[in-house]
Amino acid sequence: MHQAPVVAAILISGLAGASAQTAPAFSPSRANTGTVGVISGGADGTYIRIAADLANVLDGEDLRVLPMIGRGSLQNLRDIMFLRGVDIGIVQMDAREQLKAENLQDSAARRLRFITRLYNEEVHIIASREITDIRQLDGKKVNIDKAGSGTNLTSRLIFEKLGIKPEVTTFDQASSYAKLKSGEIQAAVYVAGRPVRAIAEFQTDGRFHLISIPFEGEIAESYFPARFTSEDYPQLVDRNQPTETLAVGSLLAVFNWPENSDRYSRVKRFVNAFFSHFDEFLQPGRHPKWKEVNLAADVPGWERVKPAQDWLDRAAAGNPSAEVQGFESFINSRGINVTAEQREALFRDFLAWQTDRQKVTRRSTRQD
């Protein structure tokens, strides 16, 4: 009667010993070999969701992406340049210009490169419904996010170009929504790729809306026209009256590591994985902003990091993937004549369709 517990204990100890003998020893050096740090944005913004997508898609045995919460585009540039453990960051295209004021422009030209142009980020201005024109914000308290953030930078530039002089505050985004409701501030600006979850979930009680920004004068030289609809923000945009706004481009910036360095090898591993698996970012469940990304697009004033340029050059020089070859054969066999932009959009649809078919095939195989 008393032998069963003893036998069980012997078996358990034996299994534990076998597991200890067969399990590979943990290697700290191997754990760090393929790690890259990606600085993003606040917990409620689009940057952190994009960084999370990067980790979810690209993490594997040879590569690990560590998303980090950041403080906005300008600070992200400084972090990429000087902060240990930060290799890559998401920044606005207009942020590097502000480094001139800190005498960091020459250093930035040496230390910074870009991997790819990302998506456009829209300018959100939430205000009470009594404010119907952006010029009514002159003299009003308007929150433009913390110093060093992309929102702070872009807000100042836009108000300057429009000749509007609000009384700016620099609360963090989460605090600004509470201060809007209490009446401490009259408007809050946030530059981020739509839809922004925190803004979509902002409980307005019908008191607030997103106000329009005119696309005119010097504004047209630096920004793009954009629009919010009620599908983006049902509580902040009227169903039959879209809100016209502006957008600024964003990019994936990277430190310009020397080619013979360990961190250069990590960045190269990241770039190759990112470009080779880009179709996975277009699948359901990923942020919709991925659909705006053009991997080959140039960024004025920026130089592309060598591993990214090498990858694009190989693709253009006749070493396309099987997916590209299949797509080109299909297009040519049908005699389809489209623009470069239409061709790229069709190729993305083709990749999505191919992925769906592969999933169906795998499910069918498992059932068999």
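- No side-chain donor-acceptor contact under 3.5 Å links Tyr119 and His287.
- With rounding to the nearest 0.5 Å, the separation of OG in Ser40 from CG in Asp53 is 11.5 Å.
- In plain terms, the two heavy atoms of Asn256 and Leu112 that are nearest each other are CB-N, 4.4 Å.
- Atom CD of Glu216 sits in a crowded spot, with more than 12 heavy atoms from other residues, nucleotides or ligands closer than 6.0 Å.
- Classification of Arg266 and Asp262 as a salt-bridged pair holds, one side-chain N sitting under 4.0 Å from a carboxylate O.
- Closest non-hydrogen pair, Val65 versus Ala55, comes out as O-CB, 3.7 Å.
- Contact detail for Asn272 and Trp311: the closest heavy-atom pair is OD1-CD1, 3.5 Å.
- A pairwise comparison of heavy atoms in Val267 and Val36 identifies N-CG1, 4.3 Å as the closest pair.
- In the displayed structure, Lys181 atom NZ is contacted under 6.0 Å by more than 12 heavy atoms of other residues, nucleotides or ligands.
- Using the six-membered ring where Trp is involved, His124 and Tyr233 have ring planes that are perpendicular, over 60° apart on the 30 and 60° scheme.
- Gln92 and Thr154 share a donor-acceptor pair across their side chains, judged by distance under 3.5 Å alone.
- Placement of Val248 and Phe224 in two distinct hydrophobic clusters is found when ILVMFWY residues are connected by side-chain heavy-atom separations under 4.5 Å, directly or transitively.
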Practice item. Step by step, work out the side-chain contact (heavy atoms from CB on, under 4.5 Å) result for Ile90 and Ile50. Key: CA-CA 9 Å; Ile90 306 170; Ile50 293 296; 3.8 Å; yes
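- In terms of modelled atom types and a separation under 3.5 Å, the side chain of Thr229 and the main chain of Glu231 share a donor-acceptor contact.
- In this structure, Phe114 is a member of the same hydrophobic cluster as Ile39, with clusters built from ILVMFWY side-chain heavy atoms closer than 4.5 Å.
- Using cut-offs of 30° and 60° on the angle between ring planes, the pair Trp290 and Phe281 is tilted.
- Taking both residues in full, the closest heavy atoms of Arg304 and Thr116 are given as NH1-CA, 4.0 Å, listed atom of the first, atom of the second, then distance.
- Hydrophobic clustering (side-chain heavy atoms under 4.5 Å, transitive across Ile, Leu, Val, Met, Phe, Trp, Tyr) keeps Leu77 apart from Leu157.
- Atom-to-atom distance recorded for Glu201:CD and Gln235:CD is 9.5 Å, nearest 0.5 angstrom.
- Atom CD1 in Ile88 sits 4.0 Å away from atom CZ in Phe270 (nearest 0.5 Å).
- Not one N or O on the side chain of Asp138 forms a donor-acceptor pair closer than 3.5 Å with the backbone of Ile164.
- Val191 and Leu251 are assigned to two separate hydrophobic clusters, defined by single-linkage of ILVMFWY side chains at heavy-atom distances under 4.5 Å.
- Within 6.0 Å of the NZ atom in Lys161, the count of heavy atoms belonging to other residues, nucleotides or ligands exceeds 12.
- Between Phe255 and Trp257, the ring planes are tilted. Angles from 30° to 60° get that label.
- Within 6.0 Å of atom CZ in Arg207, more than 12 heavy atoms from other residues, nucleotides or ligands are found, so the atom counts as buried in its surroundings.
- Using a 3.5 Å distance cut-off with no hydrogens or angles, the side chains of Asn152 and Ser149 do not pair a donor with an acceptor.
- With hydrophobic clusters built from ILVMFWY side chains whose heavy atoms lie under 4.5 angstrom apart, Tyr47 shares a cluster with Leu74.
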Check your understanding: Yes or no on side-chain contact (heavy atoms from CB on, under 4.5 Å) for Val123 and Tyr223, after CA distance, side-chain angles and deciding distance?
Key -> CA-CA 10 Å; Val123 182; Tyr223 301 98; 5.7 Å; no
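- Enclosure of atom CG in Asn240 is not indicated, since only 12 or fewer non-hydrogen atoms of other residues, nucleotides or ligands lie within 6.0 angstrom.
- When all heavy atoms are compared, the tightest approach of Ile80 to Asp87 is CG2-O, 3.9 Å.
- Taken to the nearest 0.5 Å, the CZ atom of Phe208 stands 8.5 Å off from the CD atom of Glu130.
- Of the possible polar contacts, none joining the Glu303 side chain to the Arg113 backbone as a donor-acceptor pair under 3.5 Å is found.
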Practice item. I would like to know whether Phe278 and Val57 meet side-chain contact (heavy atoms from CB on, under 4.5 Å); could you show each step before the answer? Key: CA-CA 9 Å; Phe278 183 73; Val57 171; over 6 Å; no
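- The OG atom of Ser128 sits 8.5 Å away from atom CD of Gln136, with the distance rounded to the nearest 0.5 Å.
- When the shell of 6.0 Å around CZ of Arg227 is examined, it contains 12 or fewer heavy atoms from other residues, nucleotides or ligands.
- For the atom pair Asn143 CG and Gln173 CD, the distance stands at 6.5 Å (nearest 0.5 Å).
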Practice item. Could you please spell out the steps behind the side-chain contact (heavy atoms from CB on, under 4.5 Å) verdict for Lys289 and Arg49? Key: CA-CA 10 Å; Lys289 277 294 183 178; Arg49 294 183 62 194; over 6 Å; no
